[in-house]
Participant: 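The structure's right below; bear with me while I get my questions together.
Numbers for residues simply follow the sequence, beginning at 1. Order of appearance sets the numbers: ligands from 1, and atoms from 1 within every ligand.
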Amino acid sequence: MIELGRLKIILVEAALETIPPSIASHPVVLKNAGKRGKSPHEILLDVSIHYHAMKKLPLKHKRGRPDIIHLSLLEALESPLNKTGRMEIYIHTIQGHAIFIDSSTRIPRNYNRFTGLMEQLFKEGEVPPGSEKPLLYIKTMPLDSLIKAIGAKGLILLSESCVQSSLDNVVGEALNNGFAIGIGGFPHGDFEEDTVKQAAKCYSIYRDPLATWIVVSRIIASAERLLGIL
Ligand SMILES: C[S@@+](CC[C@H](N)C(=O)[O-])C[C@H]1O[C@@H](n2cnc3c(N)ncnc32)[C@H](O)[C@@H]1O
């Protein structure tokens, strides 16, 4: 059993962003923003709503999936690993924003309420706004700065195209060496060069691609086993 260590997870290149200026005046976006009583740049990009507006966006196959972050955060923050203070989770978005999340944060289970919370975070920079110790706050910084800021010794990236290793080996290595584990927070495709360059190690945990929240849940379950929590 591993005695020390907190599992640090980063959802990297996360598909979480507000509507980019280049599509803010597209009719689909204007209609959706109008219906919600918000301005286009205040609402989250969501491929299930803004699909037609996203056709010309660079890297469109990796963008506009807040549901991936929603499911992953629910899985992580409600886990016994988090409740026992042995986990930290961070988001680094595809646009280069780092999101810091207090482990006591209760993420709304309802998707629309989650969307509203994230929109408030992007608009105000923190939630609740003006709090001395916000539950969530956002800062623009490159991934290597985030890795340093959270006190991780390096990054283990997970990808189905890397060398295969057992879950317990990967998580054990992260806990023993103080590495953060990076999991792609996007639906399709591979990591960008800049992300790959930050990784000390890269492992696959299964022969086929898995959804982000499945990888998050398996990593957490392994850490709970190794730390004797569950
Ligand atoms: C939905 S996948 C990303 C898209 C995937 N590359 C594809 O084209 O279907 C989300 C993330 O989960 C992790 N992941 C998925 N399958 C994995 C596997 N077999 N081994 C390790 N990590 C995996 C990776 O970090 C990946 O970036």
Participant: Less than 3.5 Å apart, N/O on ligand 1 and N/O on the protein: could you list those pairs with the distances?
Facilitator:
residue	atom	partner	partner atom	Å
ligand 1	6 (N)	Glu160	OE1	3.4
ligand 1	6 (N)	Glu160	OE2	2.6
ligand 1	6 (N)	Gly189	O	2.8
ligand 1	8 (O)	Gly189	N	3.0
ligand 1	16 (N)	Leu210	N	2.8
ligand 1	19 (N)	Tyr206	O	2.7
ligand 1	19 (N)	Asp208	O	2.8
ligand 1	20 (N)	Ile205	N	2.9
ligand 1	22 (N)	Ser159	N	3.4
ligand 1	25 (O)	Leu158	O	2.5
ligand 1	25 (O)	Gly184	N	2.9
ligand 1	27 (O)	Gly184	N	3.4

Participant: Determine, for Lys201 against Glu173, whether the closest basic-nitrogen to carboxylate-oxygen distance falls under 4.0 angstrom.
Facilitator: yes

Participant: Between Lys62 and Glu192, is the closest basic N to carboxylate O distance under 4.0 Å?
Facilitator: yes

Participant: When you check the gap from the basic side-chain N to the acidic O, do Arg109 and Glu78 get nearer than 4.0 Å?
Facilitator: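 Salt bridge: yes.
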
Participant: Compare all side-chain heavy atoms of Glu42 with those of Thr18 and state whether any distance is below 4.5 angstrom.
Facilitator: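 Not in contact.
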
Participant: Please identify each residue that fulfils ring pair (Phe, Tyr, Trp, His ring centres under 6.0 Å) with Phe122, with sequence neighbours left out.
Facilitator: none

Participant: How about Lys8 and Ile150: do any of their side-chain heavy atoms sit closer than 4.5 Å?
Facilitator: yes

